[in-house]
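All of these numbers come straight from a predicted model, not from anything done at the bench. Letters go in sequence order (proteins before strands), and every chain restarts at 1.
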Protein chains: 2
Amino acid sequence: MTDPARNLIEALSQVHDLWSAHRVVSVNDYDVKVVKVQGEFVWHTHPETDELFLVMSGRLTIQLRDGDVELGPNDVYVVPRGVEHCPRADEETHVVLVEPRGTVNTGDAGGDRTVEVRELA
Amino acid sequence: MTDPARNLIEALSQVHDLWSAHRVVSVNDYDVKVVKVQGEFVWHTHPETDELFLVMSGRLTIQLRDGDVELGPNDVYVVPRGVEHCPRADEETHVVLVEPRGTVNTGDAGGDRTVEVRELA
């Protein structure tokens, strides 16, 4: 029996908390996760890895110390490892993340916005 | 100066050959590529890596030896390493691939369908 494909929109419909990434599939040791965001996150860095953002719906601003990157639907951006960033969304925005398993959402900043990646039911 | 985001639909609009993957961005040593497909590819295996397919438009059938996986828009499927597969699309279908840099499109099969990954202009 072959596993069926997973739909990213359907996966997002199962996510009810903001800023809580849920794993959909993995490619080797990289996770593909979906997350709903609104408001501003925290400034942080992933010293050991790049981080890919793909917007499915809404608008995402990735604030960087030398300027903002604006993403709309089907826009993709990779924050290079070691680059400080702070995502922000004025409206509820649905995002796909691709990064190595074990990447912590708050990177080196830690704090109370840190949450574990969850599995979709 | 910050690089802008890349749009996957716009990237696909720059692809004019079928079955020719074009790199859009990279995450560490993984490439995110876009490819237009129609017709049937060749049966092959990637012994060393999983391979992620995400359909942007159209319909993709990933034939496996124990059954087909059907993908429509926003559907994602990961062919595990070592699993023989043969993609097929009855209509022109636009796909995003995520896999390690250097992954050969025809895997262990080789042959005249083998092409290098291209860079978008």
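A/E84 and A/T45 share no side-chain donor-acceptor pair at under 3.5 Å. Between the side chains of B/D31 and B/S26, at least one donor-acceptor pair of N or O atoms lies under 3.5 Å. Judged purely by distance below 3.5 Å, without hydrogens or angles, the side chains of B/H85 and B/E51 pair a donor atom with an acceptor atom. Side-chain contact of B/H94 with B/E92: a donor-acceptor pair under 3.5 Å is present, judged by distance alone.
In this structure, the portions of B/V76 lying under 4.5 Å from any heavy atom of chain A include both its backbone and its side chain. Proximity to chain A (any heavy atom under 4.5 Å) is shown, for B/F53, by neither the backbone nor the side chain. Neither the backbone nor the side chain of B/I62 comes within contact range of chain A; no heavy atom of the residue lies under 4.5 Å from a heavy atom of that chain. Neither the backbone nor the side chain of B/E10 has a heavy atom closer than 4.5 Å to any heavy atom of chain A. Proximity to chain A (any heavy atom under 4.5 Å) is restricted, for B/V24, to the side chain, taken from C-beta onward. Only the side chain of A/P100 comes within less than 4.5 Å of a heavy atom in chain B; its backbone stays farther off.
By number of non-hydrogen pairs under 4.5 angstrom with chain A, the leading residue of B/V55, B/V25, B/V98, B/N28 is B/N28. Contact count against chain A (heavy-atom pairs under 4.5 Å) is highest for B/D50 among B/L52, B/V69, B/D50. Listed options B/L8, B/V78, B/N74 were ranked by heavy-atom pairs under 4.5 angstrom with chain A; first place goes to B/N74. Between chain B and the residues A/L71, A/L64, A/V32, A/T49, the most heavy-atom pairs under 4.5 angstrom are made by A/T49.
Using a distance-only test at 3.5 Å, with no hydrogens or angles considered, no donor-acceptor pair links the side chain of A/S20 to the main chain of A/D17. B/K36 places a side-chain N or O within 3.5 Å of a backbone atom of B/L12 that can act as its donor or acceptor partner.
A salt bridge does not link A/D29 with A/R101: every distance from a Lys NZ or Arg NE/NH1/NH2 to an Asp or Glu carboxylate oxygen is 4.0 Å or more.
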